[in-house]
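One structure is given below, encoded as structure tokens.
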Amino acid sequence: MRVLMVAEKPSLAKSLSEILSRGSSSRRKSSCSACDVHEFQGKLAVPGGGGPGLAAMFKMTSVCGHVMSLDFQPKYNNWETTDPLLLYDAETMKKEAIPSLRIPSFLRQEGKGVDYLVLWLDCDKEGENICYEVINEVEPVMKPPKTPRTQTIFRAKFSAVTEAAILHAFNNLGFPNWNESRSVDARQELDLRVGCSFTRFQTKLFQSLYSGLNNSVISYGPCQTPTLGFCVERHDEIQHFKPEKYWKLDCSVSHSSSNPLSLQWDKERIFDHEVIKLFHLMLTHHKIASVESVSEKSRSKAPPLPLHTVEMLRACSSRLHISPKQAMDIAERLYTEGYISYPRTETTKYPAGFDFKSIVSDLNKNEHFKEFTSQLLTGGIRPPSVGKDVGDHPPITPLRNAPREAVSDTQWKVYEMITCHFLATLFPDCKYKQTDVVFSLGGESFSWAGHTLIDPGFTLINTWQAIGSVPQTTAQFCKGQKWDIVQLGVSEHMTTPPGYLTESELISLMEKHAIGTDASIPVHIENICTRNYVLIQSGRRLVPTQLGIVLVHGYQKIDPELVKPTMRSEIEKQLNEIALGKADYDQVLSHTLDIFRRKFSYFRDNVSGMNELFEATFSSVASTAKLLSRCGKCLRYMTYIPVKPQRLHCKHCDETYSLPQNGSIKLYKEIKCPLDGFEIVIFSGPRGKTYTVCPYCYSNPPFSTVSKGMSCSTCPHQSCPQAMNQLSIDHCPSCDNGTLLLDPSSGPKWKMYCNSLACPVVLHCFEGVHNVEKTINECPECGAYHVLVDFKKDNTPLKGGATKHIGCYNCDPILSPLVRGPESGRHAHRGRGRGRGRGRGRRGRGRRH
DNA sequence: GCAAGGTC
């Protein structure tokens, strides 16, 4: 019996196999560089099978998160030709989530011929969805069950990665939950359609109208946009804030030899100057305040809860000034190096039987922690019982001592924070005595509160939470005691606006409204930074940019729901109905998509509301742009927008064409691209890099299946015809200038074109010619053209004695007739480009004969 | 080029 078991990540596969094999598993590499396979012998308890279980050979391995991700069919990926509204109905496809890892093929390989599949994916909705991604690959290659009713695919449901929980899950296998998985499918589809439609629409619109947006994409997303909304909301609060004057009564008293004490008035502050003057007048002749009451209470402060991801991110941001994204990167590094436990968890309760002592003993080697660890080791460790186990991973803790010199400075900061947090959770409460004294003065109450520290407990480590013994006094209080008034005065103050949102406040808001997950919160925050919607300023406060503000105000004007923090949770609520089996997948999805389709249409119809805000903030393209080159479609001049991202805009066709960035753009001799009639421009980049670009070809590569690795040697752009030069065959006989290139993407019909964009005769079709092998120089027959090609005919393999044909494309009948480029042009209305192309072509040939 | 969610 052979059993394949699959976890969600390599680290979990390792831990699980150690537990299930009791340390006897052996590890081997697999076809996937990230995923090892752990093998061991054991027994499989089939659900409902009874008995001792089947003796089996187990293979435990993992995927790396999602196997597949959702995207549109490639034909919808052209922003110029796809109406964003169509994206609500466009066909989608699954593609490999991490192509480089080749997970599907790896799963099929390992799953081939196994009798059983056991799924150990994380126990949440995403995990359930990945179960089915794994099943899709493995089920078709499994050994067919002996009887049709034999169940061969099982799900292990575990609540923690502890020996007890894992063994229990293993002995009580269940089945994957289709409804939960479908709710994730629905979420993916919704996010894709909504996000991409809005993003493409607003990007295209505002980039064609405004300069200085300093942004390549103006994105919209159901998580990132409400996240931005929080930052702008705080900004608005600050903007609308009107400072107000208020006044306080300041009173200090003393008794015999004690230091004066400052008292707090119970009315705190008064916003009316006349009123405060009256109070002052009323009290100013009093010389004595008497003690009304004295209370002394023992108080304590509990240590922090064990650390989970979101709290770690907050601490890194607010105390270490490290961004959530960087914090996660560092934590992952510390984790892979074995210094800390798995850093993505929502659990705040230590598992039963957690070995605190061995970790604390190991940390005791480190002089940075010795002060605390030695105290724990001598005093004994009381494992805290607080917190919540949500069944994912244990809280974040150090796993072993990291010598200071073994890690980088920032790694150390994060490690130290995690370690101090861990040690603090093992320390006792901070205990102190609080004394509250109420004084009476002319009928008004004033109070004083003092703290006396009894035991600092965990605040010895978390010093910023320490209870000082301030204000201190040696005075003894008793009821009826008379104190002398040392000072009674009025002080004037101003109310102050709140500060900009700190990153750690933002994280809390996102957590509260269930926007993003512990793993994706850092990504959303980084997103709104890189999209230039917010800037991080001192104290890691998020200050929205003009662009961020205008976007949020625009949504609020047109459809406030688009930016509301409740939007995400509303969607999740709908999706949860699918997960619970209460609602039908198709119904919920089409209903929700309908809502967003209408919202999109409404937004598009009313976008002028947002446009007005852009107009007031950004300068229009017209003011910075100039006419530069002609459009191949309407033959009118297009405007060149010289600000980032520099681009060309055709006002008449209402299309924008991207250009290479970080260099200058000029018109190139008024020559048109032979493929589409657009006037060629010349790009001069850094370090003197210069090349010609067709504005249309740049975004719409003429050869759709040019393989990815084939990059141009002189320019960085993928779709540059020069990228084809690996297949070049000598120089062009027509213009005597460029190199002839073969396009292998056109299948059995080879296309040949000239890479000199100045040459209008470019396309030749070689029917029935395949697999060009080699370039030879001159045709021995006609001598007219230099180019000879070796090729295989009619798909006959070259190896194994097949005919090898050498031909000249001038005189060889197989290679004739030559078909000129413009005839196979890509636009219906090609106008003048055609005639000119032919003329030049003929001239070119004539010269050579 | 676009979303959000896994994880490397």
Side-chain angles (χ1 to χ4, degrees), chain A residues 7-13 32-36 62-72 74 76-80 82 84 87 90 92 96-101 103 121-122 124-131 133-134 181 183-204 207 215-227 309 328-329 331-333 335-336 342-344 392-393 510 514-524 526-528 530-531 567-568 571-572 575 596 600 645 647 656-659 661 698-700 717-719:
Chain A
E8 190 156 322
K9 44 195 160 274
S11 61
L12 197 57
C32 169
S33 57
C35 308
D36 290 338
S62 74
V63 288
C64 285
H66 274 289
V67 179
M68 308 300 267
S69 75
L70 193 69
D71 204 352
F72 295 112
Y76 297 104
N77 286 343
N78 187 326
W79 292 36
E80 306 304 322
T82 307
L87 297 180
T92 55
E96 280 190 41
I98 314 172
S100 60
L101 290 184
I103 300 272
L121 284 303
D122 289 0
D124 51 23
K125 290 208 267 295
E126 297 294 333
E128 227 56 43
N129 187 262
I130 304 174
C131 278
E133 295 183 327
V134 173
S181 169
S183 79
V184 171
D185 285 334
R187 200 256 317 136
Q188 290 178 344
E189 195 174 326
L190 206 58
D191 286 346
L192 178 73
R193 296 191 191 279
V194 174
C196 297
S197 58
F198 276 88
T199 300
R200 288 189 194 180
F201 169 68
Q202 59 186 29
T203 300
K204 276 186 65 181
Q207 282 195 349
N215 203 321
S216 58
V217 172
I218 305 172
S219 58
Y220 174 88
C223 285
Q224 56 172 274
T225 304
T227 303
T309 307
M328 277 320 292
D329 291 347
E332 258 152 36
R333 182 84 189 270
Y335 162 69
T336 52
Y342 190 68
R344 278 194 285 259
D392 48 1
H393 302 274
M510 293 174 75
I515 293 170
T517 64
D518 53 352
S520 69
I521 282 174
V523 182
H524 298 312
E526 202 194 39
N527 244 337
I528 61 171
T530 54
R531 294 281 149 77
M567 179 182 57
R568 190 62 181 173
I571 295 174
E572 296 278 359
L575 297 174
F596 276 98
F600 176 76
R647 57 203 186 267
T656 301
Y657 300 97
S658 8
L659 293 169
Q661 300 298 308
Y698 188 75
S699 309
N700 306 278
H717 197 260
Q718 185 89 40
S719 62

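Proteins get letters first, then strands, A, B, ... in listed order; numbering begins at 1 in each.
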Please check this pair: side chain of [X] against backbone of [Y], looking for a donor-acceptor N/O pair closer than 3.5 Å.
X      : Y      : answer
A/T203 : A/R200 : no
A/K204 : A/T656 : no
A/T225 : A/P222 : no

What's [X] touching, base or sugar-phosphate or nothing? Going by heavy atoms closer than 4.0 Å.
X      : answer
A/E8   : sugar-phosphate
A/D122 : sugar-phosphate
A/L70  : base
A/S219 : sugar-phosphate
A/F198 : nothing
A/Y335 : nothing
A/G516 : sugar-phosphate
A/L87  : nothing
A/A34  : nothing
A/D185 : nothing
A/E80  : base
A/P84  : nothing

B/dG1 base stacked by A/W79? Criteria: ring centres under 5.5 Å, plane angle under 30°. yes
Report the residue (A/L192 or A/H393) whose heavy-atom-nearest nucleotide on DNA chain B is the more 5′ of the two. A/L192
Heavy-atom nearest nucleotide on DNA chain B for A/I103 versus A/E189: which residue maps closer to 5'? A/E189
Side-chain N or O of [X] closer than 4.0 Å to phosphate OP1/OP2 of [N]:
X      : N     : value
A/Y76  : B/dC2 : no
A/R200 : B/dG1 : no
A/S520 : B/dG5 : yes
A/H524 : B/dG5 : yes
A/R187 : B/dG6 : no
A/Q224 : B/dA4 : yes
A/T517 : B/dG6 : yes
A/R531 : B/dA3 : yes

Note, [X] side chain near [Y] side chain (heavy atom, < 4.5 Å):
X      : Y      : value
A/H66  : A/N129 : yes
A/H524 : A/M510 : yes
A/R193 : A/T92  : yes
A/I130 : A/E8   : yes

Between B/dC2 and A/N527, counting only base atoms on the nucleotide and side-chain atoms on the residue, is there a donor-acceptor pair under 3.5 Å? no
Using the side-chain heavy atoms of [X], tell me which of these nucleotides is nearest: [options].
X      : options             : answer
A/R568 : B/dG1, B/dG5, B/dT7 : B/dG5
A/D191 : B/dG5, B/dA4, B/dG1 : B/dA4
A/E126 : B/dT7, B/dG1, B/dG6 : B/dG6

